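Keep in mind that this is a model prediction, so the values were computed, not measured. We count residues from 1, following the sequence as given.
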Amino acid sequence: MTADDRPLISIWFGNFFEPFYSDADATREGIADVAGLGFTTVNLDSKPWEDFFARYRGEDASQYVGMQELMMSEAAGHGLDHTCLALYLCGDNLYPTIRDVPPVRGEEAVRPDGEPMGTYKYWSPRAQRTMVDHVRGLLGLYGDGMRRSSDGRVVMQTMFDPIPKPSFDAEGRSSYLTWLEKRYDGDLARLGERYGLDATSFGALAPDQYWLRPDELDWVGCARPAADDFARRTPDFHRWIDNQTYLAEVMVDHFATMQGHWRGLEPRIFVEPVLQQWGYFFNPPGATDWQTGQRALDVYRCAPYVDGVLFVAAPLNAENRADATALGVEASIQRTANEHRPFTGGLYLGRHLNEDVYRVVPPAEAIATHVAGGAKRLHVYGYSGLDDGGVMFRMDEVFKESLRVGNRWAAQVMSLLDAPRAKEVAMLFPAETSLYEPLEVDEGGRHRMDLLGWYQQFTDLGWHVDVVHPDQVVRGALAGYQHLVVPANPLYDLGDNAALEDAVRAFVAGGGTMFHGPGCELARRAFGITERAVDFDCLAWRENVIPHGWSTVSYDSGRALATYIGSGQAALAGTDVGRGTVYSFGFEYGYSYSRRTMPIVPPQYGRSEMHPVVLLRQTPVEAFVGTSPLAPMKPVKGVETARFGDALVMVNHRSSPVDISAVPASRAIHQVPSAPGTLAAHAAVYLELP
């Protein structure tokens, strides 16, 4: 099959549950439904179970494999192609009793008691060879009908939800302890001080001395430190940080090694693993096994070794509320992790784990948010699965019609966005907090909500925001931006960030603007900005402001731009550095802008009128930098605008229509019908400027 000119819009379709396991008529109806919803591609759950390998040897198809072959045939009959979810984090036997054939893993990681852990040993050549053999088998049997990229390569999801694990066999222990000794430069005393133990040598450390409660490890889960461990930096905290750092390196090394294997396959493949299933930065509370903060996953650092970085996200913020702008943040992470190359936006549709979020954010709005983020392809999870795969086949017609509308609009619009998306504001990705902090430790999701609020503030002012990784900044990424936002990152000190600080210092001195809140170690190290904790108080600014974070500080240097009413101390300061300025906020500005509840006027101020930043007539950020010069009209709060050369995508995240008649468009493609000059609620429009 040649490359399809249509944008890829794929949907995962599992057949390990009934009716799609054995009911051929139901499966035919399902494939027809998928085609009618506007999808171009069916993604099949073709993980490396033994019955696939039997099929490669020429044996008869099992019930499961035979149904997938029927699905491929039916898809082709409806003009669709297919892709394969070829590998999973552990080879997978579906928790582990749904499938009655064993997975093929090659070599497994081993628990401290010597039993297999139920997952790959990621660095094992035998495990890697098994992965390659499985992908080669899929290509040989089913490659002719698979989706092709624009350069003719087969699109292949080679690793879904990777979670590297340690191994406690002799080789695995040696691998970790050699790494640990190198990490500590052979300084056993320093390790002993951090871990709270007396050790005779690195090699003599027992598993429960060097790993956090290793008996709790299984194929997906692990022990986690408590909030108190993080607060006091206990021995368990230091074990956790070392464990996660090692596993993160295993993850990156795995993709780097596999890159060579994939490049040797014929036909050639386009490697686009699904790196996370339950959102990347905004993981749903309660889904403990799927949190980024315990997965040892940094998608930015995996990106150089794959052809596309993809993860599945949902419009759900860290407070477990439906919120389309949270999806905008996830799209920004995908865009920048892919270095602004064409990328696939991932959406979790159907039943969601925590709430029916799509009653608040319709599928069409969610799809449009990814398109505004610059996605050139879409991958949706999923049509059926019962346990966690989304059950779109059970969704009502209102949901399906919104999905149908969203897919058809996206297919038309994505192909028209051929200019680069504008770049104006860089937001520094809190890499250390994302990597090391389980969601339970982030009280109320506030660290993640701080980033979301900063994002919302700037997009509400019409600015384009990219979430950039520290490694990218070191490589010069800030050259294309006017402003830099540094959201909360309480674990910043765990990183090796001297080069980052040099790059940020040069950016501001050259005329850039930086924004940050309390506890910003980057601001202290790069600019010598110091702070003091003060009692909670309101701010005297153009309007009196009620701060709403989890800490309140004053600044000792720079120009006082707002003061605390009671003490007169600097609550907001501006520090000039060369031709640029650093704006320091004495409270968590992003968290205040985005969080669920709002503060009340403190009793000592009686009837005085005071408001949180989200209700000000003009916010401090707007006063300092104004609205985006690329905004085609006066920005409207809750309306996200993305500019691609002379083309615009506007997404209305509000529950009311908005007036867009001021935009001088020569062409408009509305997602849903709208009155002249208006953009419908929870909908999008593509506009061309004359």
Give me the atom names and distance for the closest heavy-atom approach of [X] to [Y].
| X | Y | answer |
| --- | --- | --- |
| Asn283 | Gln291 | OD1-CA, 3.5 Å |
| Ala526 | Glu501 | CB-O, 4.0 Å |
| Pro620 | Leu572 | CB-CD1, 4.0 Å |
| His682 | Ser655 | NE2-OG, 3.1 Å |
| Asp466 | Ser332 | CA-OG, 3.3 Å |
| Pro363 | Phe399 | CG-CE1, 3.4 Å |

Matching residue for Arg377 among Leu8, Leu310, Ile9, Thr40 - test: side chain to side chain contact (heavy atoms under 4.5 Å, CB included):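 The single option meeting the side chain to side chain contact (heavy atoms under 4.5 Å, CB included) with Arg377 is Leu8.
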
Of the options Thr513, Asp576, Val508, Val504, which is the one that meets Val582 in a side chain to side chain contact (heavy atoms under 4.5 Å, CB included)?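 When side chain to side chain contact (heavy atoms under 4.5 Å, CB included) is applied between Val582 and each of Thr513, Asp576, Val508, Val504, only Val508 qualifies.
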
Side-chain contact test, heavy atoms from C-beta onward, threshold under 4.5 Å: evaluate it for [X] versus [Y] and give yes or no.
| X | Y | result |
| --- | --- | --- |
| Phe281 | Pro430 | yes |
| Val371 | Leu417 | yes |
| Glu432 | Asn497 | yes |
| Arg421 | Arg643 | no |
| Pro490 | Thr433 | yes |
| Pro162 | Leu275 | yes |
| Val639 | His653 | no |
| His340 | Arg335 | yes |

Which value, rounded to the nearest 0.5 Å, describes the distance between [X] atom [atom1] and [Y] atom [atom2]?
| X | Y | atom1 | atom2 | answer |
| --- | --- | --- | --- | --- |
| Tyr686 | Trp409 | OH | CH2 | 10.0 Å |
| Ile529 | Met514 | CD1 | CE | 6.0 Å |
| Arg301 | Asp471 | CZ | CG | 4.0 Å |
| Arg295 | Trp290 | CZ | CH2 | 6.5 Å |

Quick check against the 3.5 Å criterion: does [X] have a side-chain atom that pairs as donor or acceptor with the backbone of [Y]?
| X | Y | value |
| --- | --- | --- |
| Gln472 | Ala477 | no |
| Asp450 | Ala488 | yes |
| Glu339 | Pro304 | no |
| Asn652 | Ala680 | yes |
| Asp323 | Leu316 | no |

Do Glu640 and Thr369 pass the side-chain hydrogen bond (donor to acceptor under 3.5 Å, both in side chains) test, and can you show the C-alpha distance, the side-chain angles, and the key distance before you say yes or no? CA-CA 8 Å; Glu640 198 164 354; Thr369 302; 5.5 Å; no

Do Arg446 and Glu588 meet the salt-bridge criterion of a basic N to acidic O distance under 4.0 Å?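 No, this pair does not count.
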
Check whether the ring centres of [X] and [Y] lie less than 6.0 Å apart, and answer yes or no.
| X | Y | answer |
| --- | --- | --- |
| Trp12 | His379 | no |
| Trp454 | Phe585 | yes |
| Tyr555 | Tyr583 | no |

Report the C-alpha distance between Ser628 and His464 in whole Å, list the side-chain angles of each, state the deciding distance to 0.1 Å, and finish with yes or no for side-chain hydrogen bond (donor to acceptor under 3.5 Å, both in side chains). CA-CA 8 Å; Ser628 167; His464 296 75; 4.7 Å; no

Yes or no on ring pair (Phe, Tyr, Trp, His ring centres under 6.0 Å) for His611 and Trp541, after CA distance, side-chain angles and deciding distance? CA-CA 11 Å; His611 301 289; Trp541 192 62; over 10 Å; no

Using the ring of each side chain (for Trp, its six-membered ring), is His483 parallel, tilted or perpendicular to Trp463, with breaks at 30° and 60°?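 The arrangement is perpendicular - the two ring planes meet at more than 60°.
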
Ring-plane angle category for Tyr300 and Phe429, please: parallel below 30°, perpendicular beyond 60°, tilted otherwise.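 The arrangement is tilted - the two ring planes meet at 30° to 60°.
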
Donor-acceptor pair between [X] and [Y] side chains, under 3.5 angstrom:
| X | Y | value |
| --- | --- | --- |
| His516 | Ser584 | yes |
| Glu622 | Thr627 | no |
| Ser402 | Arg404 | no |
| Thr678 | Asp659 | no |
| Gln157 | Thr83 | no |
| Thr325 | Gln456 | yes |
| Gln457 | Tyr589 | yes |

Positive for ring-ring contact (aromatic ring centres under 6.0 Å, His included) with His447, one of Trp550, Tyr492, Tyr436, Tyr591: Trp550

Relative to Tyr593, does Lys637 satisfy both conditions: NZ or CZ under 6.0 angstrom from the six-membered ring centre, and within 45 degrees of the ring's axis? yes

Checking ring pair (Phe, Tyr, Trp, His ring centres under 6.0 Å) for the pair Phe160/Tyr381: CA distance, chi angles, key distance, verdict? CA-CA 12 Å; Phe160 188 91; Tyr381 190 84; 5.7 Å; yes

Heavy atoms from other residues, nucleotides or ligands near OH of Tyr305 exceed 12 (cutoff 6.0 Å):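 Counting other residues, nucleotides and ligands, OH of Tyr305 stays at 12 neighbours or fewer.
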
